[in-house]
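The structure appears below as structure tokens.
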Amino acid sequence: MIECKDLAGKVVRSVTLYEDGSDGPEIAIDFEDGSNFYACLGIRTTLEAKLTRNDGGQPQMLKDYSSPAIPR
């Protein structure tokens, strides 16, 4: 959860929703005081690859080859 306390009490001039923004779905809110709020739903792709050993109990991690999140 992200709490945006700075937005409380502001007067909204306009709200625009974008289905296909540059990084995914986006929302833009323009306020009467000239400030703007922007948020987007960033979708990340990851590649998970792990070498494990299972000797009958909990699998033991030998090596994690996973990549960090890759922006779409």
Side-chain angles (χ1 to χ4, degrees):
M1 179 176 102
I2 299 173
E3 189 172 358
C4 303
K5 292 182 179 183
D6 298 322
L7 305 180
K10 287 187 174 280
V11 178
V12 175
R13 182 181 329 147
S14 67
V15 175
T16 307
L17 304 173
Y18 301 93
E19 291 180 38
D20 296 319
S22 60
D23 292 323
E26 301 173 353
I27 183 170
I29 303 173
D30 297 325
F31 297 102
E32 288 293 333
D33 66 1
S35 62
N36 311 91
F37 177 78
Y38 163 85
C40 76
L41 177 60
I43 300 170
R44 307 279 183 210
T45 302
T46 61
L47 175 61
E48 293 186 15
K50 299 175 183 175
L51 176 62
T52 62
R53 175 178 292 143
N54 189 343
D55 293 326
Q58 185 73 12
Q60 177 186 4
M61 172 85 65
L62 300 177
K63 179 118 181 177
D64 187 347
Y65 297 94
S66 300
S67 70
I70 303 166
R72 278 187 0 140

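Below, each value reflects all heavy atoms present in this structure, side chains not excepted, and no hydrogens, waters or symmetry copies.
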Would you mind writing out the side-chain donor-acceptor pairs for residues 47-64 within the sub-3.5 Å range, not counting sequence neighbours?
| from | atom 1 | to | atom 2 | distance (Å) |
| --- | --- | --- | --- | --- |
| Asn54 | OD1 | Gly56 | N | 2.9 |
| Asp64 | OD1 | Ser66 | N | 2.8 |
| Asp64 | OD1 | Ser66 | OG | 2.6 |

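For residues 1-16, the pairs satisfying side chain to side chain donor-acceptor pair (under 3.5 Å) are Lys10-Asp33, Lys10-Ser35, Ser14-Asp30, with sequence neighbours left out.
With a 4.5 Å cut-off between side-chain heavy atoms of Ile, Leu, Val, Met, Phe, Trp and Tyr, the cluster of Phe37 takes in Leu7, Val12, Val15, Leu17, Ile27, Ile29, Phe31.
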